[in-house]
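Okay, so here's the structure we're looking at.
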Protein chains: 2
Amino acid sequence: MLENFSEITIESPADKISRQIRELILSGQLKPGDRLPPERKLAEKFGVGRTYVREALQKLEFYGILKTQPQSGTVVAGMGITALEGLISDILQLENSDFASLVETRVLLETQAATLAAKRRTPEDLINIQKALDAYQEKVLREEQGVEEDLMFHLKIAEASKNSVLKSLMLIITPDIVNSFIKLDICKAGRFHRALEEHQIILDHIANQEPEKAGAAMRVHLKDVLDYSYTLKNGRLNGTD
Amino acid sequence: MLENFSEITIESPADKISRQIRELILSGQLKPGDRLPPERKLAEKFGVGRTYVREALQKLEFYGILKTQPQSGTVVAGMGITALEGLISDILQLENSDFASLVETRVLLETQAATLAAKRRTPEDLINIQKALDAYQEKVLREEQGVEEDLMFHLKIAEASKNSVLKSLMLIITPDIVNSFIKLDICKAGRFHRALEEHQIILDHIANQEPEKAGAAMRVHLKDVLDYSYTLKNGRLNGTD
DNA sequence: GACTAGCAATTGGTCGACCAATTTTTCAAT
DNA sequence: ATTGAAAAATTGGTCGACCAATTGCTAGTC
């Protein structure tokens with residue numbers, strides 16, 4: 001009986017507004033450079049207070065779609081990109097992502113980061129990575145979890161890759177990874193000790209400027225997790241909450 | 001003389017507040033699960049109206065750092081992840097990213113997307129990609145630019161990869177790519193015709209389920225851009241503004 | 001007739017007030 | 001003393017009002 005109910009739309013007022021504006025842009029009624037109606041008019045049109053309109057505009061501006069100029073108006077900034085469809089509505093809704101995609105992508109990013117880091121790392125980078133590794137080791141030796149320190153190690157590698165976008169993207173998906181880890185309770189005891197050794201191997205390859213080996217070592221390091229995620233996907237899907 | 005001036009901080013009030021809150025979290029004074037002071041108290045403490053505080057909280061919630069519960073309070077949601085440092089302050093500030101990083105990462109994502117798409121594409125995916133390709137072709141034959149259609153083609157491939165995270169990340173960096181393209185005026189005439197052929201090749205490989213070839217074809221397709229970005233980087237840096 | 005100075009209207013920015021839901025306190029009945 | 005409900009205080013949600021800056025119009029001058 002319960003199955004007859006469909007999921008309620010938890011869409012906030014601001015979301016509804018931003019969606020309408022987005023549709024206007026997508027449909028071509030609003031072209032880049034066009035000025036939007038003033039907030040007051042929009043608020044009246046939508047039948048809500050200006051607060052919601054402003055919230056929606058802020059969100060859109062956040063995405064780079066709009067550009068609001070004080071005491072002047074709000075204009076459509078972005079390119080008339082059709083790809084906007086689906087982008088804005090729930091960008092960053094990586095929470096909806098299945099764990100397998102998350103891990104798969106992480107492996108991709110991390111491998112590339114390690115490879116590039118081996119090519120481009122400076123002596124300072126090595127020091128930073130070593131520091132992160134030391135902090136991790138300290139935690140592990142105390143039989144603590146050290147998830148943060150683990151991530152910091154990977155982050156320092158991303159920095160050493162000298163690819164800012166790569167680092168940013170890793171930062172974006174990392175929280176979701178961690179959340180999934182916690183939910184799925186992947187972090188078995190003992191895992192950390194081996195991870196420590198693997199970290200050391202990766203660092204060595206980066207230090208020796210061996211891009212392929214560094215990438216391969218990273219891939220090995222993450223292989224367990226990747227395999228596990230595939231297992232989850234192919235087996236019965238864990239509800240994750 | 002002008003050099004003596006330092007760049008002004010254009011930091012909005014909301015940014016200042018969110019930064020302070022973030023520092024509290026990073027310093028450990030606010031741990032996950034803790035409730036933040038009420039908005040009114042914060043507003044009073046910061047000496048601003050509640051509006052700014054709410055704006056800051058919304059932004060933080062956006063990043064998944066905070067979780068605001070109506071009529072109850074706002075709590076720290078995220079894991080106590082140390083990696084937060086630098087993350088929140090300007091996540092997504094990919095605008096600051098250099099073009100080379102942008103392109104380099106795009107190549108990585110796109111190649112992987114093509115490879116996975118060749119493995120996992122359904123007949124429907126092929127139809128969608130073909131549609132996008134047709135739309136692109138139409139534009140090109142009219143001697144128009146068709147940047148949007150180009151991107152749509154790539155986006156459909158990402159969808160066919162069945163990796164939602166991959167697609168999301170591509171969506172995130174795509175606008176920046178387009179902006180850079182426009183700024184740098186990379187889209188030379190004639191480029192589009194060859195791109196069309198290359199698109200067809202990629203699609204064929206995906207249709208034939210040849211992952212390696214599809215990935216390679218994508219890499220070739222993006223090689224020009226990648227090379228150009230390296231040229232820019234090694235030569236004098238174009239200010240792009 | 002063209003141009004400019006000045007005024008009026010409109011804009012986004014900011015704020016405090018009100019609302020409903022929740023939480024805490026209070027106090028009376030057991 | 002404990003427990004229960006009811007009331008009071010506090011919470012985030014929402015809104016309209018005020019502010020200063022910009023814009024556009026208008027009238028006055030050359």
Side-chain angles (χ1 to χ4, degrees), chain A residues 8-22 24-25 29-78 88-90 95, chain B residues 8-22 24-25 29-78 88 90:
Chain A
I8 61 161
T9 346
I10 202 173
E11 198 176 30
S12 84
D15 284 333
K16 291 183 183 177
I17 297 176
S18 76
R19 187 165 46 80
Q20 287 205 35
I21 295 178
R22 172 167 45 98
L24 279 185
I25 298 178
Q29 297 184 48
L30 277 177
K31 284 178 286 292
D34 285 358
R35 262 216 301 284
L36 259 69
E39 297 179 356
R40 285 172 178 78
K41 300 282 173 56
L42 288 175
E44 187 184 356
K45 195 76 180 176
F46 290 127
V48 298
R50 250 182 77 206
T51 309
Y52 284 135
V53 175
R54 305 202 85 244
E55 193 179 334
L57 295 183
Q58 280 172 20
K59 204 172 252 182
L60 259 359
E61 183 176 11
F62 218 57
Y63 294 135
I65 311 303
L66 300 179
K67 180 79 181 180
T68 156
Q69 297 157 333
Q71 273 70 43
S72 169
T74 305
V75 301
V76 180
I88 320 161
S89 71
D90 39 19
E95 307 93 73
Chain B
I8 61 161
T9 346
I10 202 172
E11 198 176 30
S12 85
D15 284 333
K16 291 183 184 178
I17 296 176
S18 75
R19 186 164 46 82
Q20 287 206 35
I21 295 177
R22 174 168 42 99
L24 279 185
I25 298 178
Q29 295 184 49
L30 278 176
K31 284 176 287 291
D34 285 358
R35 264 215 300 285
L36 258 68
E39 297 179 355
R40 285 172 180 79
K41 300 283 174 56
L42 288 175
E44 187 184 357
K45 195 76 180 176
F46 290 128
V48 298
R50 250 182 78 207
T51 308
Y52 285 135
V53 175
R54 304 201 85 244
E55 192 179 335
L57 295 183
Q58 280 171 19
K59 204 171 253 184
L60 259 359
E61 182 176 12
F62 217 55
Y63 294 135
I65 311 304
L66 300 179
K67 181 80 182 180
T68 153
Q69 297 157 333
Q71 274 70 40
S72 170
T74 304
V75 301
V76 181
I88 320 160
D90 39 17

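This structure is a prediction, so every number in the text was calculated from the model and none was measured. Quick note on labels: first sequence line is chain A, next is B, and so on, each numbered from 1.
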Atom-to-atom span, [atom1] of [X] to [atom2] of [N] - whole angstrom:
| X | N | atom1 | atom2 | result |
| --- | --- | --- | --- | --- |
| B:L57 | D:dT11 | CG | P | 13 Å |
| A:K67 | C:dT11 | NZ | C1' | 17 Å |
| B:R50 | C:dC19 | CZ | P | 14 Å |
| B:E55 | D:dG12 | CD | P | 17 Å |

>> So if I take residues 38-47 of chain A and measure heavy-atom distances to DNA chain D, which residues fall below 4.0 Å?
In response: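 When residues 38-47 of chain A is checked for heavy atoms under 4.0 Å from DNA chain D, the hits, listed by number, are A:R40.
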Just to verify, what does [X] make a side chain to side chain contact (heavy atoms under 4.5 Å, CB included) with, not counting sequence neighbours?
| X | value |
| --- | --- |
| A:Q69 | A:S72, A:V75 |
| A:K45 | none |
| A:P38 | A:K41 |
| A:T68 | A:E61, A:T74 |

>> Before you tell me yes or no, could you show the steps for B:E55 and B:I17 under side chain to side chain contact (heavy atoms under 4.5 Å, CB included), namely the whole-Å CA-CA distance, both residues' side-chain angles and the distance that decides it to 0.1 Å?
In response: CA-CA 9 Å; B:E55 192 179 335; B:I17 296 176; over 6 Å; no
> Taking all atoms of both residues into account, what is the closest heavy-atom pair of A:A56 and A:A14, and its distance?
Replying inline: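 Where A:A56 meets A:A14 most closely, the heavy atoms are CB-O, 3.4 Å.
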>> At 4.0 Å (heavy atoms only), tell me whether A:T51 reaches a base, stays on the sugar-phosphate, or touches nothing.
In response: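 Base: the residue A:T51, judged by heavy atoms under 4.0 Å, touches a nucleobase.
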Might you list the N or O atoms of the protein lying below 3.5 Å from N or O atoms in nucleotides 22-24 of chain C, with each pair's distance?
none

> Which distance, rounded to the nearest 0.5 Å, do you find between the CD of A:E39 and the OG1 of A:T51?
Replying inline: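 Rounded to the nearest 0.5 Å, the CD-OG1 separation comes to 9.5 Å.
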> Can A:L24 and A:L36 be said to form a side chain to side chain contact (heavy atoms under 4.5 Å, CB included), step by step?
Replying inline: CA-CA 10 Å; A:L24 279 185; A:L36 259 69; over 6 Å; no
